[in-house]
Amino acid sequence: MRLSLILQAAKSGRQLLVSCESQATGHRVMRIRERTQEKLEFLHKDPWLDQEVLYKETRKIKTLEKRNIREIHLSRLT
């Protein structure tokens with residue numbers, strides 16, 4: 001897993017960094033979504049099963065602020 005994520009934030013408070021969890025194994029990934037959008041549900045390859053499984057949004061991590069490029073270290077998210 002990479003130690004940092006490079007995130008592109010467009011407008012202040014319009015985007016959220018959210019944690020999504022595999023419904024099969026509990027593996028987690030992070031995604032960016034618009035604040036007004038419904039909670040995320042998507043198919044993605046689970047590395048533990050090596051199959052496509054359903055991922056569902058579990059919690060909001062952070063509201064992305066207005067900056068051109070923002071580096072967020074994973075250690076600061078917990």
Side-chain angles (χ1 to χ4, degrees):
M1 182 180 247
R2 292 173 48 185
L3 293 178
S4 64
L5 301 170
I6 303 297
L7 303 174
Q8 189 93 5
K11 297 181 181 176
S12 178
R14 300 273 173 128
Q15 294 179 329
L16 301 173
L17 178 65
V18 295
S19 176
C20 301
E21 186 174 297
S22 165
Q23 297 301 291
T25 63
H27 177 259
R28 292 179 186 247
V29 295
M30 288 190 230
R31 293 286 185 262
I32 297 173
R33 74 167 171 90
E34 295 295 318
R35 178 184 295 273
T36 58
Q37 208 177 8
E38 297 285 325
K39 286 194 170 192
L40 290 178
E41 288 187 6
F42 57 92
L43 290 175
H44 186 68
K45 186 175 177 181
D46 189 325
W48 296 349
L49 293 178
D50 203 28
Q51 293 181 355
E52 275 196 348
V53 297
L54 180 66
Y55 279 77
K56 288 187 177 182
E57 180 178 327
T58 54
R59 69 185 190 110
K60 173 185 139 185
I61 303 293
K62 189 171 192 120
T63 300
L64 299 180
E65 298 169 3
K66 184 179 180 181
R67 294 195 183 167
N68 290 340
I69 295 179
R70 172 115 195 225
E71 186 172 339
I72 298 177
H73 293 275
L74 293 178
S75 60
R76 292 171 49 194
L77 297 175
T78 57

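At a threshold of 4.5 Å between non-hydrogen side-chain atoms, the residues V29 and F42 count as touching. Using a 4.5 Å heavy-atom cutoff, the side chains of L64 and L17 are in contact. In this structure the side chain of Y55 never reaches within 4.5 angstrom of the side chain of R31, judged on heavy atoms. The shortest side-chain heavy-atom distance between T25 and L49 falls under the 4.5 Å cut-off.
Of the inter-residue distances, the one linking Q37 atom CD with Q15 atom CD reads 9.5 Å to the nearest 0.5 angstrom. Note that the CD atom of E57 and the CD atom of E38 stand 10.0 Å from one another [nearest 0.5 Å]. Rounded to the nearest 0.5 Å, atoms CD1 (I32) and CD1 (I61) are 12.0 Å apart. Here the CZ atom belonging to R28 is positioned 4.5 Å from the OG atom belonging to S19, to the nearest 0.5 angstrom. Taken to the nearest 0.5 Å, the CZ atom of R35 stands 4.5 Å off from the OG1 atom of T63. Here SG of C20 is found 9.0 Å from CZ of R33. Values are rounded to the nearest 0.5 Å.
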Quiz item: Could you go step by step and tell me if E52 and K45 meet the salt bridge (Lys or Arg N to Asp or Glu O under 4.0 Å) rule?
Solution: CA-CA 4 Å; E52 275 196 348; K45 186 175 177 181; over 6 Å; no
Practice problem: Check the pair L43 / V53 against side-chain contact (heavy atoms from CB on, under 4.5 Å), numbers first and verdict last. | Solution: CA-CA 5 Å; L43 290 175; V53 297; 5.9 Å; no
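Side chain of T58 to backbone of E21: no donor-acceptor contact under 3.5 angstrom is found.
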